[in-house]
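Hydrogens, waters and symmetry mates are skipped; everything else that's a heavy atom, side chains included, is used. Naming convention: chains lettered A, B, ... in sequence-line order (proteins, then strands); numbering from 1 in each chain. Not measured: the values here are computed from a predicted model.
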Amino acid sequence: MSAPIEIDFGAARRAPAIGIDLGTTNSLAAFMDLTGPKIIPGEDGERLLPSLVHYGAGGEITVGNAARRLLIEQPERAVYSIKRLMGKGLDDVREELSLFPFRVAEGSQSVIRLDLGGRLFTPPEISAFILRQLRRNAEAFFGEPVTQAVITVPAYFNDAQRQATKDAGRIAGLEVLRLVNEPTAAALAYGLDKRREGIVAVYDLGGGTFDISILRLKDGIFEVLATNGDTHLGGDDIDNRLMAIALEDVASEWGEDLSQDRVAVQLLRRAVIAAKEQLSFVPRTLIEFQYQGRNYRRELARAQFEKLIADIVDRTLGPCRNALRDAQLGVEQIDEVVLVGGSTRIPLVRQAVRNLFRAEPHTELNPEEVVALGAAVQAGILMGSVQDKLLLDVTPLSLGIETLGGVVERLINRNSTIPASAAQVFTTAVDGQRNVLIHVVQGERELARDCRSLARFELKDIEPLPAGMARIEVRFLIDANGILNVAARDLRTGKEQSVEVKPSYGLTDEQVEAMILDSYEHAQEDVRERQVREARLEADRILAAVEKARLEDAYLELRDAERDAIEQAVNALLMVYHSEDYLLIRAHIDKLNQVTMRLAELMMNSAVRAALKGTKL
Amino acid sequence: MSAPDSCWHCGRPASESLFCAYCNRLQPPALDYFRFFGLEPRLALDPEDLQQRFYQLSRKLHPDRYLAATPTERQYSLEGAAILNDAYRVLRDPVARAEYVLRREGLEEVSPGRRTPPELLQEIFELNEALEEFRQDPEGARQILEQTRGRLADLRRQADAELARLFAEWDQTHQRGALEQIRAVLEGRRYVSKLETQLEEELARVGAHRN
């Protein structure tokens, strides 16, 4: 006798941790199965989720393709390219906001608040709507709750931008296992199928950001040697360039400036983007725009387009050279070049990469999907299902503290492998001083005011001593997400010293907590939505069954009154089918169930009769 | 953080290893860079061997491997990986490595610009003159600057060769005299590097200006 085989369905059915590419233009999710990383399609079957969010008058949130139409109809309630505002303050984006139709609320100094039809949202909250949609897609795909994710960020994102991304994940109800740099994720996806060794450059030009990373691949280790980039450079800049020209054209042809007309601007933006995308495949195309019965057409040749964007493409080359210099490598030492991001479809971009690296770049994997695939691989590494790979990433920016005269003292240099740490001993300047304030900045400049302020850390309740006697060791640690952690210790007593963090940009922990609570309320709405959907599915089932039963002999055996009752119940259910009240739908399903009881009995009997007949013969 | 003499988890005696010999739990990281890499304190290191060790240790220590571990192990992994990375950064660079050994052996730190090494005075004078000319007439003076650049690179290479010789000497004798000579060479070398950076910046600045 052999023992029965036990299968633990619980473990097998647990949904995996997913990898998410939270992009400026499109977002998508992937997961790791036994054969490798796979994209998780949305409910509409699409692999890419446009990073568009619409907030409806009734408080309903629409994300992705469904928000496209709404962006045109109600641009004041819709947001796109929110990634460009993550971790930013108002002063950072003032110039840029002139190009975006967003309305920024008062008091947006350290966190931007966008006004969507009267309600205020921070960028992490808006990103959370996108993440929640991806999460929902994954849950529908697996049929299981999804709670863990790896999310990618541009390699050149600073601390505040990373923190904002992590906050977005938490607000969306996800445990963010790790933030991974986009170019590194792409390298992981590429390095998976081929056992490559050597130096790889990843050139990542997306919708809003540019990254270049240089990696050494050896024995499954992906060691980033240097990274550089521009978090304000991407396809959006090209679109804005084309928009400016088209708006000017329209103004001179129609004698009307449309730049303040949100609806017209959205329609025109869509037209120039379509033209831009076509020019990657054909030598000439048309920008076509219809508005209020008028037409605008302009022919655009690739050569013209290339002239127009040449300086934008050129701006990517400086960071590439800087990264090479930091990696202490010459162009000839780069073995492979990988292209990532939708904007690398542009022939001029490919040409620029070819010229710089003197190599034919890899484009085997879809440049819009490769980052999400790599994020799924990293999720596999973290969950232990991928054992032979390890990513060693770096911090893109130097970390320092402001000293006397506003000069920066560097503690951790850019391109240091993370986790990275540094310790510094602080003391007091006056007798009996209880508090010491430490201003931490990120950046490469000599003066603190030219760097990015990261946070102010206040050492509190220091033992009152004569000036210079206190000795507090502060440990700065950049974790594997590229986010700074600070701890302090009193060297005289060995006791931990309390530190209060005041982030310069971004949300406090309390604010994030409040938003998570807020999102539970939204989760309630989600539950309701799901119940409505399920009720409709059940209605579909019973309506189809009744439809089929009408063709049976049993239906003719019913009395007229019984048939009428069924007709009425079917019509009543159809009447409430599209209502949002799932209880009402369910009530009518029950009613239809009741009045079809005898029909079911008759059908059962005839089935039994037929079966009995069969046995007799 | 100093390494305790017993395992935090099972309480049995601690060893030199990253992991407890009895329960195999990750232990708090040691702070000595050489010990961390399982190396004797030596100045001459084989970069290939060091890289190999770095990758091996990363596989053991990286926080990616401890996601499901206890909070204590997660903390040790984070701190251990941070020290590992810091140590690799220092040990793989001969200059940083020598400075680390100087500090470790209680020698005063190399302080940049404390005094100008006399043998470099002539070089500095010529460089400043060349830079001045370069600003007046970039094309004409470019050749002089290229020559200066070459001479500085030569000086740096000389210093590196001298360091290599002194590294080997110290590794054999562990004599303080060798370390003091190393410090003197490092000071000169640092000065040369500073001049090189200044030169490159000037070339880049004028180059950018012309474009």
Visitor: Can you say whether Leu78(B) sits under 4.5 Å from chain A via the side chain, the backbone, both, or neither, judging by heavy atoms?
Guide: both

Visitor: At a heavy-atom distance under 4.5 Å, which candidate from Ser416(A), Gly494(A), Ala480(A), Ala422(A) has the highest pair count against chain B?
Guide: Ser416(A)

Visitor: Check each atom of Gln378(A) against the heavy atoms of chain B and say whether the ones under 4.5 Å are side chain, backbone, both or neither.
Guide: side chain

Visitor: Contact part of Ala81(B) toward chain A, heavy-atom cut-off under 4.5 Å: side chain, backbone, both or neither?
Guide: both

Visitor: Which atoms of Arg59(B) are under 4.5 Å from chain A, going by heavy atoms: the side chain, the backbone, both sets, or neither?
Guide: both

Visitor: Is the backbone of Leu390(A) close enough, under 3.5 Å, to the side chain of Arg65(B) for a donor and an acceptor to pair up by distance?
Guide: no

Visitor: For Arg445(A), is the CZ atom crowded, meaning more than 12 foreign heavy atoms sit under 6.0 Å from it?
Guide: no

Visitor: For chain B, which candidate among Leu177(A), Leu382(A), Ile221(A), Ile418(A) shows the most heavy-atom pairs at distances under 4.5 Å?
Guide: Ile221(A)

Visitor: Considering all heavy atoms of both residues, which atom of Gln52(B) and which atom of Asp219(A) are nearest to each other, and what is their separation?
Guide: NE2-OD2, 4.3 Å

Visitor: Report yes if some heavy atom in the side chain of His62(B) is under 4.5 Å from a heavy atom in the side chain of Leu391(A); otherwise report no.
Guide: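 With C-beta onward as the side chain, the pair stays apart.
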
Visitor: For the residue pair Pro419(A) and Asn85(B), establish whether any side-chain heavy-atom pair is separated by less than 4.5 Å.
Guide: yes

Visitor: Can you tell me if CD on Gln147(B) sees more than 12 non-hydrogen neighbours from other groups inside 6.0 Å?
Guide: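 Correct, the count exceeds 12.
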
Visitor: Between Glu79(B) and Leu477(A), what is the shortest heavy-atom contact and its length?
Guide: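 Nearest heavy atoms, Glu79(B) then Leu477(A): CG-CD1, 4.4 Å.
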
Visitor: Of all heavy-atom pairs between Asp86(B) and Ala420(A), which one has the smallest distance, and what is that distance?
Guide: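 Heavy-atom minimum between the residues: OD1-CA, 3.9 Å.
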
Visitor: I need the Asp64(B) CG to Met383(A) CE distance, nearest 0.5 Å.
Guide: 12.0 Å

Visitor: Distance from Tyr88(B) atom OH to Glu223(A) atom CD, nearest 0.5 Å?
Guide: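 If I round to the nearest 0.5 Å, the distance is 5.5 Å.
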
Visitor: Above 12 or not: heavy atoms from other molecules or residues under 6.0 Å from CZ of Arg74(B)?
Guide: yes

